[in-house]
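Okay, so here's the structure we're looking at.
Here is how names work: the chains are called A, B, and so on, in the same order as the sequence lines, proteins then strands, and each is numbered from 1.
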Amino acid sequence: MSKGPQRIRGTQDIWGEEADRFQAVVAAFERVRRLYGFQRIEMPAFEATAVFSRSIGETTDVVSKEMYTFEDRGGDSLTLRPEFTAGICRAFLSEGWQQLAPLKVATHGSVFRYERPQKGRYRQFHQLDAEILGADSPAADVELLVFADQLLNELGITDGVTLQLNTLGDAETRDAWRSALVAHFESHRDDLSEDSLARLDKNPLRILDSKDPRDRPAADSAPDIDAYLTDQARAFFDKVTAGLDAAGVAWTRNARLVRGLDYYRHTAFEFVTDRLGAQGTVLAGGRYDGLVEALGGPHTPAVGWAAGIERLAMLAGAPAPNTIDVALVPMGDAAEMAAIGLLAQLRRAGIAADMGYKGNMKKRMQRANASGARQAIILGDDELARGEAALKDLESGAQQSVPLSGLVEAVRRQ
RNA sequence: GCGAUCGUAGCUCAGCUGGUUAGAGCAUCGGUUUGUGGUACCGAGGGUCGGGGGUUCAAGUCCCCUCGAUCGCCCCA
């Protein structure tokens, strides 16, 4: 623990059962993503700093104090991605994906945020991400939400998880509502916490979901967005909720749910669990119709979500441990060489097989047992001379002689 | 960035109000069994008690600093 170089704060070495859980989450995502027709894309881990600062919002905490920004040797300002969405919109423009709209894409990998680490919160962490670009239909929002719901279901973590849904309206709605909120909170200035006084300047919507009890009276009496929704914005939200009902996805309206990043419009949602303490948000996203434009592109409506792999992995049950089918136990140099050939044959036939690099028979049998293999193939000079091997069932202890030529078949039959 | 708790072997932990060479279980390695594992028994390795400084005759134990983890806030997936 104290010897040698230390792991950097907020990073993690993932191995053993934890790695299996992590991999199981990614595998489920890849499986479900195909069912919904989302294309797999790979994105760079860093972008020009402006890609994030212009889209996420200069005043957000993510941009103003959480980004890993550095100057490269050519003097350009680069930033390790703190999320996927901005980079995907950049790619949408650089790669000419306008041609392909509406485009459904999915990716996963590391993202970086300079935050104080906690359980389920790291400086280098991993996200799943799904986006639909160039679609203004509420059906796109619905498809993404049904996708998310199925993913959580297949991971077996819907227990205690609820989908909270809200609308932030279109640009017109959001501006009007925002002004009303600012006016309301200005008149309650004296009742607000210090944190919320700061939010009043930077991000007044954020006061609505404040946890500080001092803020609750003013937040609870604040005007709902519903009164400010334009007919269009209201119709849009109604179609989203109707679509969820049609697909059989449970949701609850949370009129106090807002998003931290500036680019969100219309649909905003979070799948929240009560099992992860303060890190309760497990998958979240919404519609960001203004983002591509903010990057200098044409008006491009889009929706998406991201989910923290570490948080999903903590909630998901442990997957079945990785085991092999058969272990080889050779005795003597000649047998070992023959076993190397046999090992390759078994693996080429799709059978998970393993053989230790050294050890006497007892050691090798212990290893075979510990590996979880159901069978062992024992190969010594006697067997080799007869063109046979001993096939042992490690559970029952039963052992039989099998001709080498029929060994692959015999193993497969068990 | 703010507040709080914690930090003893690979893992889980014990170590009373400071007192001789820091312990246990599990795991690892070796042996009882030179071609047969899972059980049992015997044995071994592994710790600068997170790191640094201080108080004291004496510090794993008390004080300060530092690093890290955890919980809450902030923020967010």
Side-chain angles (χ1 to χ4, degrees), chain A residues 1-4 6-12 15-17 25 56 59-67 82-85 108 110-123 125-130 148 193-196 198-199 202-203 206 209-213 215 258-261 269-273 276-286 304-315 327 329-332 335 356 359-384 390 392-399:
Chain A
M1 185 82 62
S2 59
K3 282 179 220 140
Q6 263 184 295
R7 183 159 40 75
I8 297 298
R9 183 167 158 90
T11 63
Q12 25 177 6
W15 54 279
E17 190 202 296
V25 170
I56 296 171
T59 63
T60 60
D61 280 19
V62 169
V63 170
S64 63
K65 48 192 193 194
E66 293 176 3
M67 294 205 302
E83 56 136 48
F84 280 106
T85 308
H108 65 82
S110 296
V111 290
F112 306 84
R113 252 122 85 164
Y114 190 86
E115 293 184 280
R116 177 111 178 222
Q118 259 173 55
K119 191 171 195 165
R121 189 168 96 173
Y122 305 93
R123 289 183 172 179
F125 62 108
H126 301 82
Q127 286 189 334
L128 308 174
D129 187 274
S193 64
E194 309 80 60
D195 279 338
S196 284
R199 284 190 270 239
K202 283 169 54 184
N203 194 351
R206 271 290 177 201
D209 58 1
S210 169
K211 289 174 193 162
D212 194 315
D215 293 328
V258 294
R259 309 261 63 218
L261 311 185
F269 55 86
E270 283 183 17
F271 285 83
V272 182
T273 177
L276 246 37
Q279 276 65 247
T281 301
V282 111
L283 185 154
W305 54 250
I309 297 180
E310 286 84 354
R311 292 184 188 178
L312 293 174
M314 279 191 281
L315 293 169
V329 180
M331 283 172 300
N360 59 23
M361 180 167 202
K362 181 189 165 97
K363 280 294 135 214
R364 288 173 181 272
M365 285 303 289
Q366 282 177 347
R367 286 274 169 215
N369 192 58
S371 74
R374 304 178 62 188
Q375 304 173 81
I377 292 171
I378 298 157
L379 195 60
D381 294 337
D382 299 356
E383 285 88 352
L384 207 51
K392 178 163 187 162
D393 183 314
L394 288 172
E395 280 169 53
S396 66
Q399 192 168 321

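We find the CE-CG distance between A:Met365 and A:Leu394 to be 5.5 Å, quoted to the nearest 0.5 Å.
Nucleotides B:C62 and B:C16 have their P atoms positioned 10 Å apart, rounded to a whole Å. The gap from the C1' atom of B:G25 to that of B:A4 amounts to 32 Å, rounded to the nearest Å. Between B:U8 and B:G51, the distance separating the two P atoms is 10 Å to the nearest Å. Annotation: B:G46 and B:A22 have their C1' atoms spaced 14 Å apart (nearest Å). B:A44 sits 41 Å from B:U56 when the P atoms are compared, rounded to a whole Å. Separating the C1' atom of B:C76 from that of B:C67 is a span of 26 Å, rounded to the nearest Å. Spacing of P atoms, B:G18 relative to B:U61, comes out at 11 Å, to the nearest Å. When the P atom is used for both B:A40 and B:G45, the distance is 23 Å, rounded to whole Å.
Considering all non-hydrogen atoms of both residues, A:Tyr114 and A:Arg123 come closest at CE1-NH1, 3.2 Å. In plain terms, the two heavy atoms of A:Thr59 and A:Ser64 that are nearest each other are O-OG, 4.1 Å. Between A:Asp212 and A:Ser193, the shortest heavy-atom contact is OD2-CB, 3.4 Å. When all heavy atoms are compared, the tightest approach of A:Ala148 to A:Phe271 is CB-CE1, 3.7 Å. Here the shortest heavy-atom pairing between A:Gln127 and A:Glu83 reads OE1-CA, 4.2 Å. When all heavy atoms of A:Ala327 and A:Ala373 are compared, the pair lying nearest together is N-CB, 3.9 Å.
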Pairs under 3.5 angstrom, nitrogen or oxygen only, protein versus nucleotides 31-35 of chain B, please.
| from | atom 1 | to | atom 2 | distance (Å) |
| --- | --- | --- | --- | --- |
| B:G35 | O6 | A:Asp382 | N | 3.4 |
| B:G35 | O6 | A:Asp382 | OD1 | 3.3 |
| B:G35 | O6 | A:Asp382 | OD2 | 2.9 |
| B:G35 | N1 | A:Glu383 | OE1 | 3.0 |
| B:G35 | N1 | A:Glu383 | OE2 | 3.2 |
| B:G35 | N2 | A:Glu383 | OE2 | 2.6 |

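For the salt bridge (Lys or Arg N to Asp or Glu O under 4.0 Å) test, no residue two or more places apart in sequence or in another chain qualifies with A:Lys363. A search for salt bridge (Lys or Arg N to Asp or Glu O under 4.0 Å) contacts involving A:Asp61 returns A:Lys65, A:Lys202, not counting sequence neighbours. Shown here are the side chain to side chain contact (heavy atoms under 4.5 Å, CB included) partners of A:Glu395, two or more places apart in sequence or in another chain: A:Arg374, A:Asp393. Annotation: side chain to side chain contact (heavy atoms under 4.5 Å, CB included) contacts of A:Arg364 (sequence neighbours excluded): A:Val329, A:Pro330, A:Glu336, A:Met355. Annotation: side chain to side chain contact (heavy atoms under 4.5 Å, CB included) contacts of A:Glu115 (sequence neighbours excluded): A:Glu66, A:Arg113, A:Arg121. A search for side chain to side chain contact (heavy atoms under 4.5 Å, CB included) contacts involving A:Lys362 returns A:Asn360, A:Gln366, not counting sequence neighbours.
A donor-acceptor contact under 3.5 Å links the side chain of A:Asn369 to the base of B:G37.
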Under 4.0 Å protein heavy-atom contact, by nucleotide of nucleotides 66-73 of chain B - B base, S sugar-phosphate only
-SSSBSBB
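In this structure, the CD atom of A:Gln366 is 12 Å from the P atom of B:A27, given to the nearest Å. Look at CZ on A:Arg206: it is 6 Å from P on B:C75, rounded to the nearest Å. Taking atom CD of A:Glu270 as the reference point, atom P of B:C76 lies 10 Å away to the nearest angstrom. The separation between A:Arg364 atom CZ and B:G38 atom P is 17 Å, rounded to whole Å. Between the C1' atom of B:A27 and the CZ atom of A:Arg367 lies a distance of 12 Å, rounded to the nearest Å. When rounded to the nearest whole Å, the span between CZ of A:Phe112 and C1' of B:C75 equals 19 Å. As a whole-Å value, the separation of A:Glu66 CD from B:G1 P is 11 Å. Taking atom CD of residue A:Glu83 and atom C1' of nucleotide B:C75, one finds them 14 Å apart after rounding to whole Å.
As judged by a 4.0 angstrom heavy-atom cut-off over every strand, A:Gly397 is placed among the base-contacting residues. At the heavy-atom level, A:Glu395 lies under 4.0 Å from base atoms of the strands shown.
Note on A:Arg374: every side-chain N or O is 4.0 Å or more away from OP1 and OP2 of B:G38.
For the pair A:Glu115 and A:Ala398, both in contact range of RNA chain B, the more 5′-proximal nearest nucleotide belongs to A:Ala398. Of the residues near RNA chain B, A:Trp15 and A:Ala284, the one whose nearest nucleotide (by heavy atom distance) lies more toward the 5' end is A:Trp15.
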Show me the donor-acceptor pairs within less than 3.5 Å that the side chains of residues 376-384 of chain A make with the rest of the protein, sequence neighbours left out.
| from | atom 1 | to | atom 2 | distance (Å) |
| --- | --- | --- | --- | --- |
| A:Glu383 | OE1 | A:Gly380 | N | 3.1 |

Using a 3.5 Å cut-off and no angle test, enumerate the donor-acceptor pairs between side-chain atoms of residues 304-311 of chain A and protein atoms at least two apart in sequence or in another chain.
| from | atom 1 | to | atom 2 | distance (Å) |
| --- | --- | --- | --- | --- |
| A:Trp305 | NE1 | A:Leu144 | O | 3.0 |
| A:Glu310 | OE1 | A:His126 | N | 3.1 |
| A:Glu310 | OE2 | A:Gln12 | NE2 | 2.6 |
| A:Glu310 | OE2 | A:His126 | N | 3.2 |
| A:Glu310 | OE2 | A:His126 | ND1 | 2.7 |
| A:Arg311 | NE | A:Gly120 | O | 2.9 |
| A:Arg311 | NH1 | A:Thr281 | O | 2.8 |
| A:Arg311 | NH2 | A:Gly120 | O | 3.3 |

Check step by step if side-chain contact (heavy atoms from CB on, under 4.5 Å) holds for A:Asp129 and A:Thr85.
CA-CA 8 Å; A:Asp129 187 274; A:Thr85 308; 4.1 Å; yes
In dot-bracket notation, what is the pairing pattern of RNA chain B, taking Watson-Crick (N1-N3 plus N6-O4 or O6-N4) and G-U wobble (N1-O2 and O6-N3) contacts under 3.5 Å, with [ ] crossing and | for other strands?
(((((((..((((.....[...)))).(((((.......))))).....(((((..]....))))))))))))....
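Listed by residue number, the members of residues 304-312 of chain A with any heavy atom below 4.0 angstrom from RNA chain B are A:Ala306, A:Gly308, A:Arg311.
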